[in-house]
Trainee: 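Pasting a structure below so you can have a look.
Every chain is numbered from 1 and lettered A, B, ... according to where its sequence line falls, protein lines coming before strand lines.
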2 protein chains.
Amino acid sequence: MSTAPGPPDLSPPLPPLPLRERKKRRTRQLLVDTSLELFTERGFGKVTLDELCDSVEVSKRTFFRYFSSKEDVAMAPTQDLWLTFLDVLDTADLGPADRPVLLLVQDTLLTALDRTTTDDWAHRALLSHNLIEQTPSMDAHGLHFCDRTTRSALATLHRRLDIPDPADLRPRLALDMVVAAFHCALTTWASTPTDSLSAHTRQAFTALASAATFPATPRGDG
Amino acid sequence: MSTAPGPPDLSPPLPPLPLRERKKRRTRQLLVDTSLELFTERGFGKVTLDELCDSVEVSKRTFFRYFSSKEDVAMAPTQDLWLTFLDVLDTADLGPADRPVLLLVQDTLLTALDRTTTDDWAHRALLSHNLIEQTPSMDAHGLHFCDRTTRSALATLHRRLDIPDPADLRPRLALDMVVAAFHCALTTWASTPTDSLSAHTRQAFTALASAATFPATPRGDG
DNA sequence: CATCAATGTGCCACTGAGTGGCATACGCGC
DNA sequence: GCGCGTATGCCACTCAGTGGCACATTGATG
């Protein structure tokens with residue numbers, strides 16, 4: 001009410017969600033969870049959007065106000081992670097100067113992982129990953145999303161770092177290397193989910209360091 | 001006229017194509033060229049398959065016997081290159097022992113490029129690449145195809161090379177690095193087609209060698 | 001408490017990609 | 001010329017995704 005400068009609010013933003021917003025988030029989350037469940041049970045192709053929408057009691061028209069495609073809804077976990085990654089890259093401390101971009105990006109991804117891995121995110125991510133591996137169109141959409149994320153991250157790097165030559169390919173390549181390593185980590189994690197995704201990712205980064213010199217020994221005879 | 005045994009043909013495999021095969025190839029090529037033309041003119045989304053099929057005087061049903069999707073037809077140039085890459089990787093000499101896989105794969109890709117770059121392949125590839133950059137669904141399908149190709153190549157590496165640990169991530173990472181570098185090369189080539197794609201690729205490989213150590217200097221203040 | 005604006009949602013009709021099935025026409029060997 | 005296999009055309013169908021409009025819910029205002 002008053003615009004008079006009273007004591008500044010210190011901890012009120014707890015229930016600032018306008019109730020309207022909460023319903024939206026609940027609906028969205030319900031769509032994600034239900035789709036993961038149905039797709040995992042019966043396969044991506046065997047579930048129609050009408051069925052999914054009926055299960056959540058939402059019209060198909062509404063579905064497309066939340067997600068851009070049938071594939072999109074089941075990739076929410078991965079997308080959350082990458083959006084967090086972009087956020088961290090945008091705001092976090094850049095660390096010691098002149099450290100390789102590769103290491104900077106690796107740390108950024110690990111930080112994003114720590115921030116994302118909560119509740120049953122791991123469970124959802126696992127279901128999502130398995131679906132992606134079985135569903136070509138989901139794989140395609142996922143790779144495309146990764147690519148856009150990489151471009152966005154590259155723009156951030158150019159904004160926050162002093163990169164003399166704007167056409168230098170190496171920052172982009174460093175980003176791609178980290179993404180490739182993380183994809184490897186996701187795969188190994190999916191088949192051995194006992195270790196944390198974070199641990200698998202660190203392992204993949206280690207492998208990355210010596211990937212360029214890995215020798216090609218012909219089989220059998222020389 | 002005469003079926004009498006004259007001197008045996010020394011270079012006869014020139015027209016061994018059973019005539020039927022030639023029509024198929026002509027139709028296929030016509031579909032590719034026409035789609036590149038129409039999509040480039042008016043945009044991927046503004047051209048329906050019915051229009052394309054009418055232009056080539058082919059039924060939609062037939063179209064899908066040649067290509068798996070609307071996106072697929074306009075990506076033929078890139079796919080030709082990667083299929084050649086797989087073929088070279090499958091058959092070519094592996095070079096000196098214990099050379100890094102990374103270099104082996106780089107050479108393989110350059111060989112495939114030499115073998116593919118003919119006629120107006122470059123022209124087609126350029127149109128295709130520009131379309132991919134403007135069309136999200138084509139980009140997605142292209143990345144997916146690359147991913148499958150990489151997996152296939154990895155299988156070939158495991159077959160032809162002596163890789164002690166089948167779970168070692170480094171061969172896969174080396175492959176991904178080469179693919180990433182080539183994508184960079186494609187992009188720079190598309191904006192500067194005066195140099196050959198081969199030259200751009202070599203440059204990207206050079207950048208790749210020092211990408212891991214590229215320093216991240218914070219902008220302005222340290 | 002009545003009302004109004006904004007926004008989220010439902011419904012309906014529509015386009016267009018992609019598929020299955022069956023009849024037909026063409027290329028090829030006999 | 002005659003059958004055989006294969007490529008093609010045609011038709012009807014499913015389903016993802018879009019546009020438009022009418023309706024309900026939220027939250028603010030008098």
Trainee: Quick check: on DNA chain C, is the nucleotide nearest A/Y66 upstream (toward 5') of the one nearest B/E71, or the reverse? Name the residue that is more 5'.
Mentor: A/Y66
Trainee: Check this for me: does the side-chain of B/K60 come within 3.5 Å of the base of C/dG18 through a donor and an acceptor?
Mentor: yes
Trainee: Within the pair A/S59 and C/dG10, is there a side-chain N or O less than 4.0 Å away from OP1 or OP2?
Mentor: yes
Trainee: To the nearest Å, give me how far apart CZ (B/F39) and C1' (C/dG16) are.
Mentor: 13 Å
Trainee: Closer to the 5' end of DNA chain C via nearest nucleotide, is it A/K24 or B/V47?
Mentor: A/K24
Trainee: Please determine whether side-chain hydrogen bond (donor to acceptor under 3.5 Å, both in side chains) holds for the pair B/R202 and B/S198, giving the CA-CA distance in whole Å, both sets of side-chain angles, and the decisive distance to 0.1 Å.
Mentor: CA-CA 6 Å; B/R202 267 178 255 265; B/S198 204; 3.0 Å; yes
Trainee: Between D/dG9, C/dG10, D/dG17, which nucleotide has the shortest distance from any of its atoms to the side chain of B/T62?
Mentor: D/dG9
Trainee: In whole angstrom, what separates B/R65's CZ from C/dT24's P?
Mentor: 16 Å
Trainee: Could you check how far CD of B/E21 sits from C1' of D/dA7, rounded to whole Å?
Mentor: 11 Å
Trainee: Checking all strands, does B/S68 fall into the base, sugar-phosphate, or nothing category for heavy-atom contacts under 4.0 angstrom?
Mentor: nothing
Trainee: Base, sugar-phosphate or nothing for B/E51? Non-hydrogen atoms, less than 4.0 Å.
Mentor: nothing
Trainee: Just how far is it from atom CG of B/L126 to atom NE2 of B/H129, taken to the nearest 0.5 Å?
Mentor: 7.5 Å
Trainee: I want to confirm an ordering. Mapping A/F44 and A/R61 to their closest nucleotides on DNA chain D, which one lands closer to the 5' end?
Mentor: A/F44
Trainee: Can a side chain N or O of B/K70 be found less than 4.0 Å away from OP1 or OP2 on C/dG16?
Mentor: no
Trainee: Scan A/T48 against the nucleic acid and name what it touches under 4.0 Å (heavy atoms): base, sugar-phosphate only, or nothing.
Mentor: sugar-phosphate
Trainee: Please check this pair: side chain of A/T135 against backbone of A/I132, looking for a donor-acceptor N/O pair closer than 3.5 Å.
Mentor: no
Trainee: How many Å lie between CZ on B/F64 and C1' on D/dC13, as a whole number?
Mentor: 14 Å
Trainee: Quick one: CZ on A/R219 to CD1 on B/I163, what's the gap to the nearest 0.5 Å?
Mentor: 7.5 Å
Trainee: Would you kindly give the CZ-to-C1' distance between B/F67 and C/dA17, to the nearest whole Å?
Mentor: 16 Å
Trainee: Which of these, B/T84, B/L86, B/T78, sits in a side chain to side chain contact (heavy atoms under 4.5 Å, CB included) with B/W82?
Mentor: B/T78
